[in-house]
Amino acid sequence: CQLVIDTAVELARGVADARIENFEFTLVERPGECAEESRAAALWLRLDEETFARKVRAAHGYPELAAEVEAALAGVGSAGLRAHPDLAARSRLSAAGTSGETFRVECLRPAAAGAPSRRGFEDPPFYERYGERQVAAGHYSRVLRYHEHMLPLAEALRSHVERRIR
């Protein structure tokens with residue numbers, strides 16, 4: 001999604017007179033966590049009761065994520081990672097020790113400019129290691145790979161932007 005957002009922002013910047021900012025949020029940390037170097041430029045959202053309730057209702061609206069949502073709100077960590085403690089220890093996904101209140105704060109950080117961000121990625125990235133286990137368990141037929149799948153997409157989108165704004 002961030003690749004598509006980055007492309008849309010770059011295209012809009014090419015035709016707009018206004019400054020267009022680009023922010024990202026984490027899927028692999030607690031929502032309110034933000035690296036020290038990004039804190040000053042980040043947008044912080046502290047959700048009021050009504051907005052937080054809508055967020056929780058929306059999360060409950062995805063039956064496929066029910067176990068993850070319940071585990072996160074209960075503060076017991078990622079349901080999907082409990083079967084893989086070695087991956088959980090390497091991941092920033094664990095919400096163990098948190099409460100539902102942790103999800104009341106969101107940190108929107110300035111998105112990294114240029115090439116697709118590999119900030120905090122191991123080699124191979126966490127999602128590839130987890131994907132390999134999901135394939136081995138028969139849940140998926142193929143692993144999503146950074147070099148094979150994401151990087152070519154990022155390069156194609158970057159090339160599109162360059163052609164359009166020249």
Discussion item. Starting from I165 and following side-chain heavy-atom contacts under 4.5 Å between hydrophobic residues (I, L, V, M, F, W, Y), which residues can be reached?
Written reply: L11, V161
Could you check whether any side-chain N or O of [X] sits under 3.5 Å from a backbone N or O of [Y], counting only pairs where one atom can act as donor and the other as acceptor?
{"X": "T7", "Y": "L3", "answer": "yes"}
{"X": "R104", "Y": "L47", "answer": "yes"}
{"X": "E128", "Y": "Y146", "answer": "yes"}

What are the two closest non-hydrogen atoms of [X] and [Y], and how far apart are they?
{"X": "F52", "Y": "E101", "value": "CE2-OE2, 4.2 Å"}
{"X": "P110", "Y": "S38", "value": "CD-O, 4.3 Å"}
{"X": "R142", "Y": "E148", "value": "NH2-OE2, 2.6 Å"}
{"X": "D6", "Y": "A111", "value": "OD1-CB, 4.2 Å"}

Using the rule that two of Ile, Leu, Val, Met, Phe, Trp, Tyr join whenever any of their side-chain heavy atoms come within less than 4.5 Å, decide whether [X] and [Y] are in one cluster.
{"X": "L108", "Y": "V9", "value": "no"}
{"X": "F103", "Y": "Y62", "value": "yes"}
{"X": "I20", "Y": "V15", "value": "no"}

Could you measure the distance from the [atom1] atom of [X] to the [atom2] atom of [Y]? Nearest 0.5 Å is fine.
{"X": "E132", "Y": "R129", "atom1": "CD", "atom2": "CZ", "value": "7.5 Å"}
{"X": "Q134", "Y": "Y127", "atom1": "CD", "atom2": "OH", "value": "15.0 Å"}
{"X": "R164", "Y": "H160", "atom1": "CZ", "atom2": "NE2", "value": "5.0 Å"}
{"X": "I5", "Y": "N22", "atom1": "CD1", "atom2": "CG", "value": "7.0 Å"}
{"X": "C34", "Y": "L43", "atom1": "SG", "atom2": "CG", "value": "10.0 Å"}
{"X": "E162", "Y": "E155", "atom1": "CD", "atom2": "CD", "value": "10.5 Å"}

Practice prompt. For F25, look at atom CZ and say whether over 12 heavy atoms of other residues, nucleotides or ligands are found less than 6.0 Å away.
Written response: no
Item to complete: Start with the C-alpha gap between V143 and H149, add the side-chain angles, then the distance that decides, and say whether side-chain contact (heavy atoms from CB on, under 4.5 Å) holds.
Response: CA-CA 10 Å; V143 177; H149 302 106; over 6 Å; no
Practice prompt. Evaluate the criterion side-chain contact (heavy atoms from CB on, under 4.5 Å) for residue pair K55 and H60; output intermediate values, then yes/no.
Written response: CA-CA 9 Å; K55 179 180 180 177; H60 281 115; over 6 Å; no
Worksheet item: For R46 and E106, what are the C-alpha separation, side-chain angles and deciding distance, and is it a side-chain contact (heavy atoms from CB on, under 4.5 Å)?
Response: CA-CA 7 Å; R46 287 166 184 43; E106 298 277 349; over 6 Å; no
Fill in: W44 and V105: CA distance, side-chain angles, deciding distance, side-chain contact (heavy atoms from CB on, under 4.5 Å) verdict
CA-CA 7 Å; W44 293 87; V105 177; 4.0 Å; yes
Worksheet item: Applying salt bridge (Lys or Arg N to Asp or Glu O under 4.0 Å), which residue pairs with at least one partner in residues 62-77 are found, sequence neighbours left out?
Response: none
